[in-house]
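We name chains A, B, ... by the order of the sequence lines, and we start the count at 1 in each one. Predicted model, so just to flag it, every value in this text is computed and none were measured. Hydrogens, waters and symmetry mates are skipped; everything else that's a heavy atom, side chains included, is used.
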Number of protein chains: 2
Amino acid sequence: MTVSKTAEKSSEKAADAAKGRKDPAEPQAEALQLGELSEQLGYVLKRAQLKVFENFLRCMASLQLTPAQFSVLLLVEKNPGRNQTEIASTLGILRPNFVAMLDNLESRDLCARIRSTNDRRSHILVLTDKGKAVLARAKKLVATKHEARLNDLLGQSNREALIGMLAKIANEF
Amino acid sequence: MTVSKTAEKSSEKAADAAKGRKDPAEPQAEALQLGELSEQLGYVLKRAQLKVFENFLRCMASLQLTPAQFSVLLLVEKNPGRNQTEIASTLGILRPNFVAMLDNLESRDLCARIRSTNDRRSHILVLTDKGKAVLARAKKLVATKHEARLNDLLGQSNREALIGMLAKIANEF
DNA sequence: TGATAATTGTTATGGACCATATCAAATATC
DNA sequence: GATATTTGATATGGTCCATAACAATTATCA
């Protein structure tokens, strides 16, 4: 079920083959049969996820935000006053790995760690003014260039159904 | 949008919170608000993918096959006589990374590399008898323990719709 | 034909992400 | 007040992904 992240070099040929074109010049080996693979949940799920992340990164190139960073900013904005452990764990990020991530966001002045006065072990996370501004722009880019693409592709109701089913799988599978 | 692979330690608490239970003993900080995150395609897609792969690995524990390895065996079975480059590229695996993967499968006597007589640079890939037998058992496990779970969760028609939409995203996004 | 370019499998290597163990400081527990 | 737990952090190893480079072989073409 593995799929790499690289844009495949053979994409043009694959596209031609998919559309039934034939290059009369080159003999050109026939395309492989995917067979049952195209019905495998994990396979198609992984391929879709890679494509979506790839598109996300393109849409956010101007803001230099990865999906992971975007999710952190969103969650910190929605939950002010929480510490690193709480934010990390609800995103499924392990605390040790969250440190470098925050170092990055903090060095770019998008968020800040504040020593809690209640519990001086904790670092309360907040968005800086720049962080709020960047997140606002990020939301618009995601909505107009990224999520909108799903509507174009599937239609509004199918899009909602898809998100719902994926959420169900994420929570109950 | 990041989600780690570890089964979260807080899963019991999260489950309790989701069902509205309250532990009267501990004060217990309130659960965080996911907010717009739960509507983000990438976020829900990634979480679903991790859950599905996790379940896949559990189902295949007796055969010790990863999703990637399963996909290779499936594709080699469906496309006999193809070389490493062809198999790897249609799975989106880069040739250098495919070498160790094949070393593994070959050391377990699941598949074999055969020097092509037409082009002595190429290694033709074939399944061994053991490889065919293992793949047959793997298919049954996947069908009964893995894919069947989707039907239980979503129903037959929704399951087909989901696969179709994911394939569309994978191909056209 | 023979020189040059391209392809195949491979190795080496670095980056990104994920997971575990461990630590000091602070807090909780008893 | 002694012990255990929690928080952020560091170190470290594993896996996966990506690029460069190489020898052997084949294709190209002057």
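Separating the CG atom of Asn83(B) from the P atom of dA24(D) is a distance of 20 Å, rounded to the nearest angstrom. Between the CG atom of Leu57(B) and the P atom of dT15(D) there is a distance of 13 Å, rounded to whole Å. To the nearest angstrom, C1' of dT8(C) lies 17 Å from CD1 of Ile114(B). Rounded to whole Å, atom P of dA16(C) lies 11 Å from atom CG of Asn104(A). Rounding to whole angstrom units, CG of residue Leu94(B) and P of dT7(C) are separated by 16 Å. Remark: P of dA21(D) and CZ of Arg95(B) are 16 Å apart, rounded to the nearest angstrom. dT20(C) atom P lies 19 Å from atom CZ of Phe98(A), rounded to whole Å. Rounded to whole angstrom, the span from the NZ atom of Lys46(A) across to the C1' atom of dC17(C) amounts to 11 Å.
Among the heavy atoms of the strands lying under 4.0 Å from Asp119(B) are primed sugar atoms or P, OP1, OP2 only; no base atom is included.
At distances below 3.5 Å, at least one donor-acceptor pair connects side-chain atoms of Thr128(A) with backbone N or O atoms of Leu110(A). The backbone N or O of Phe53(A) lies less than 3.5 Å from no partner atom in the side chain of Lys46(B), so there is not a single donor-acceptor pair. Under the 3.5 Å distance criterion, the side-chain polar atoms of Arg115(B) are matched with a main-chain donor or acceptor of Arg120(B).
In this structure, CG on Leu150(B) lies 4.5 Å from CG on Leu41(A), to the nearest 0.5 angstrom.
Between Thr85(B) and the phosphate of dG9(C), there is a side-chain N or O to OP1/OP2 separation shorter than 4.0 Å. Note on Ser122(B): every side-chain N or O is 4.0 Å or more away from OP1 and OP2 of dT25(D).
When each of Asn97(A) and Asn118(A) is assigned the nucleotide of DNA chain C bearing its nearest heavy atom, the one mapping closer to the 5' terminus is Asn97(A).
Side chain of Pro96(B), nearest nucleotide from dA19(C), dT10(D), dT10(C): dT10(C). Nearest nucleotide to the Arg113(B) side chain, out of dA9(D), dG9(C), dT10(C): dT10(C). For His123(A), taking side-chain heavy atoms from C-beta onward, the closest of the listed nucleotides dT11(C), dT7(D), dA9(D) is dA9(D). The side chain of Arg121(B) approaches dT26(D) more closely than any other nucleotide in the set dT26(D), dA25(C), dA9(D).
Within 6.0 Å of CD on Gln156(A) lie more than 12 heavy atoms contributed by other residues, nucleotides or ligands.
Remark: the Arg120(B) side chain and the dT25(D) base include no donor-acceptor N/O pair separated by less than 3.5 Å.
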